[in-house]
Amino acid sequence: MKFIHINKTLLSIGLGLSSTVFAQSQKQTVNLITLDPGHFHAALVQKNMYPEVSSTVHVYAPVGNDLHYHLDRINSYNSRADKPTDWHEKIYAGNDYLEKMLAEKKGNVVVIAGNNRIKADYLAKSVGAGFNVLSDKPMIIASKDFAKLQATFKKASEKKVLLYDIMTERYEISTMLQRAFSLIPSVFGKLEKGTPDNPAVTKESVHHFYKYVSGSVLTRPNWFMDVAQQGEGIVDVTTHLVDLIQWECFPEQVIDYKKDIKIINAKRWTTDMTLNQFKTITKTDGFPTFLKKDLANDTTLKIYANGEINYQLKGVHAKASVIWAYKAPEGGGDMHYSIMRGTKANLIIRQGAEQAFKPTLYIEPVNVSGNYEAEIQKAIAELQKDFAGVSVKKNTKGWEVIIPEKYKEGHEAHFGRVTEKYLEFLKVGKLPAWEVPNMISKYYTTTKALEIAKKSKSTR
């Protein structure tokens with residue numbers, strides 16, 4: 001797709017359009033709207049086609065590079081050699097893009113992935129207008145917006161629309177299997193309670209500003225490095241970690257943030273980014289004015305991208321931490337570490353050099369008797385009903401879970417999985433009863449932790 005200088009407010013652009021685009025089958029009951037797509041996650045929702053989703057997508061956005069980059073990504077999916085998509089993007093670009101979207105009502109599901117400072121307002125207005133919303137994380141990045149988010153969920157219930165956030169990490173196979181093994185008492189026992197110094201559950205995530213997405217080096221908007229717009233690390237990526245802790249430790253159980261969550265302590269620290277590094281990933285000439293507040297000098301940006309939360313969830317001690325580096329080591333990428341400590345075994349996901357930077361699950365017994373290996377094999381036989389081909393290999397500490405390659409889809413593919421699940425919810429007209437209270441609890445945890453971290457002088 002050619003970059004187009006937008007000087008009109010209304011554009012209709014066909015990207016890889018075929019003669020079949022306008023053929024609406026009876027199954028195509030979902031019409032997508034993309035609102036202000038400032039983050040590449042907005043495009044990843046459309047990396048695949050869905051039978052019930054119309055191929056025509058209405059985009060409402062301000063004029064600028066964020067819109068151009070979004071359209072370029074959609075075009076790359078339409079023009080790829082392997083299973084090309086067939087999206088037709090109809091674009092409204094102008095300063096009144098939000099008002100136009102609310103007034104025109106060209107679809108029934110709004111996809112929101114972009115600047116997080118204004119996301120709470122986007123969610124409230126979209127739901128208030130009667131739209132279903134599929135939102136990228138985080139929904140909010142500050143405690144001041146927590147009450148607004150609660151009110152938006154209440155409004156969604158009144159309007160009978162579904163507000164849902166994109167939790168891709170629930171679809172990472174090693175995490176799915178960690179959860180599955182934790183539900184087998186003969187292997188895992190019971191989840192420990194832990195202590196602040198030795199939590200029962202720890203999840204750590206390492207990310208990188210310079211990265212490849214869909215085969216190309218990702219161009220990030222310059223506001224992505226502004227924590228006032230993207231959010232600090234403790235309320236951004238940590239959203240995934242807090243979600244997984246809830247999802248794995250208390251599956252399908254309602255969590256009440258008022259009585260089930262206690263923040264013990266939290267901390268934050270910065271990642272340094274040079275001017276040249278900033279230019280490389282933003283393709284801009286230098287630091288914008290809004291980042292001057294975060295400059296240690298004229299050539300180094302201090303970004304509060306890192307954070308750690310120590311808290312109790314229903315009496316279980318948990319720790320979630322996120323680290324951002326500029327670029328991964330050669331052959332590496334984003335990394336995840338996770339441990340669930342059980343009375344019989346620890347379930348550990350490691351993703352370092354020893355694992356070739358691929359998430360790998362281990363079962364490491366701590367207090368077992370009898371023929372424990374037979375219990376492992378029974379568990380594997382049961383799990384194979386849902387995960388055919390999964391097996392274990394013994395090592396010096398216990399067992400490595402061997403996962404067939406067919407399950408290792410990668411982060412980008414998980415956006416399709418989340419979207420498919422959301423479409424299932426739309427068909428039945430409701431979310432599972434635990435999802436909304438647990439989303440509210442998740443955002444209470446992250447935003448309250450940021451409040452505490454800002455008051456604390458401790459760093460890592």
Side-chain angles (χ1 to χ4, degrees), residues 137 167-185 187-207 233-257 259-267 306-323 334-352 359-367 379 397-398 401 434 437-439 441-446 448-449 452-453 460:
K137 62 81 198 156
M167 291 289 99
T168 51
E169 296 309 302
R170 294 184 188 179
Y171 297 85
E172 204 289 310
I173 185 61
S174 62
T175 299
M176 294 171 71
L177 288 170
Q178 184 184 48
R179 181 181 191 252
F181 275 112
S182 76
L183 298 176
I184 303 175
V187 172
F188 183 65
K190 295 181 180 179
L191 182 66
E192 295 277 12
K193 295 295 185 182
T195 67
D197 294 329
N198 188 23
V201 184
T202 297
K203 290 190 177 291
E204 300 175 352
S205 185
V206 179
H207 289 257
I234 205 169
V235 292
D236 182 15
V237 173
T238 310
T239 306
H240 281 303
L241 307 182
V242 173
D243 180 77
L244 291 181
I245 290 170
Q246 295 180 170
W247 183 73
E248 291 189 73
C249 295
F250 301 99
E252 299 183 12
Q253 295 182 42
V254 170
I255 295 170
D256 182 345
Y257 79 93
K259 64 181 182 181
D260 292 333
I261 297 169
K262 178 183 177 182
I263 309 293
I264 298 170
N265 59 62
K267 61 184 73 172
N306 313 291
E308 180 180 294
I309 311 171
N310 286 277
Y311 67 109
Q312 280 183 288
L313 177 64
K314 288 183 178 285
V316 172
H317 285 272
K319 182 175 78 171
S321 60
V322 61
I323 296 171
D334 292 351
M335 292 188 294
H336 179 66
Y337 169 81
S338 172
I339 180 170
M340 296 182 72
R341 298 198 299 110
T343 53
K344 289 186 177 181
N346 295 331
L347 303 173
I348 308 173
I349 298 172
R350 299 186 177 98
Q351 193 179 352
T360 306
L361 176 62
Y362 300 91
I363 303 170
E364 298 184 357
V366 293
N367 183 25
K397 294 182 179 180
V401 179
W434 53 272
N438 290 15
M439 280 188 276
S441 293
K442 173 173 56 188
Y443 289 108
Y444 168 81
T445 302
T446 56
K448 189 65 176 179
I452 294 171
R460 184 165 172 172

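Positions are given from 1 along the sequence.
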- request: I would like to know whether T445 and Y311 meet side-chain contact (heavy atoms from CB on, under 4.5 Å); could you show each step before the answer?
  value: CA-CA 9 Å; T445 302; Y311 67 109; 4.1 Å; yes
Could you tell me whether a side-chain N or O of [X] sits under 3.5 Å from a main-chain N or O of [Y], the two making a donor and an acceptor?
X: N438; Y: V254; value: no
X: E248; Y: V201; value: no
X: S174; Y: L361; value: no
X: T446; Y: T239; value: no
X: E308; Y: S321; value: no
X: R170; Y: T175; value: no

- prompt: After noting the C-alpha distance and the side-chain angles of D260 and F250, does the key distance pass the side-chain contact (heavy atoms from CB on, under 4.5 Å) rule?
  reply: CA-CA 11 Å; D260 292 333; F250 301 99; over 6 Å; no
task: Evaluate the criterion side-chain contact (heavy atoms from CB on, under 4.5 Å) for residue pair L191 and S182; output intermediate values, then yes/no.
output: CA-CA 8 Å; L191 182 66; S182 76; over 6 Å; no
message: Quick check: do Q351 and D334 have side-chain heavy atoms less than 4.5 Å from each other?
response: no
- request: Would you indicate whether the side-chain heavy atoms of E364 and I348 approach each other to under 4.5 Å?
  value: yes
So which atom in [X] and which in [Y] form the shortest heavy-atom distance, rounded to 0.1 Å?
X: A379; Y: I184; result: CB-CD1, 3.7 Å
X: A320; Y: L241; result: CB-CB, 3.9 Å
X: R341; Y: N346; result: CA-OD1, 3.2 Å
X: W434; Y: W247; result: CH2-CD1, 4.1 Å
X: I363; Y: A345; result: CG2-CB, 4.1 Å
X: P251; Y: R179; result: CB-NH2, 3.0 Å

Rounded to the nearest 0.5 Å, how far apart are [atom1] of [X] and [atom2] of [Y]?
X: E252; Y: Q246; atom1: CD; atom2: CD; answer: 14.0 Å
X: K442; Y: I261; atom1: NZ; atom2: CD1; answer: 11.0 Å
X: M340; Y: L347; atom1: CE; atom2: CG; answer: 6.5 Å
X: H336; Y: E169; atom1: NE2; atom2: CD; answer: 7.0 Å
X: L313; Y: I255; atom1: CG; atom2: CD1; answer: 4.5 Å
X: I234; Y: I309; atom1: CD1; atom2: CD1; answer: 4.5 Å

query: With distance as the sole criterion, is a donor-acceptor pair present between the side chains of S338 and K203 under 3.5 Å?
result: yes
field: Side-chain donor-acceptor contact under 3.5 Å, T238 with H240
entry: no
task: Go through the steps for K319 and E204 under the test side-chain contact (heavy atoms from CB on, under 4.5 Å), then give the verdict.
output: CA-CA 8 Å; K319 182 175 78 171; E204 300 175 352; 3.9 Å; yes
message: Under the side-chain contact (heavy atoms from CB on, under 4.5 Å) test against K137, which residue among V235, D243, V237 passes?
response: V237
- prompt: Honestly, is R350 close enough over Y362, meaning NZ or CZ under 6.0 Å from the six-membered ring centre and within 45° of the axis?
  reply: yes
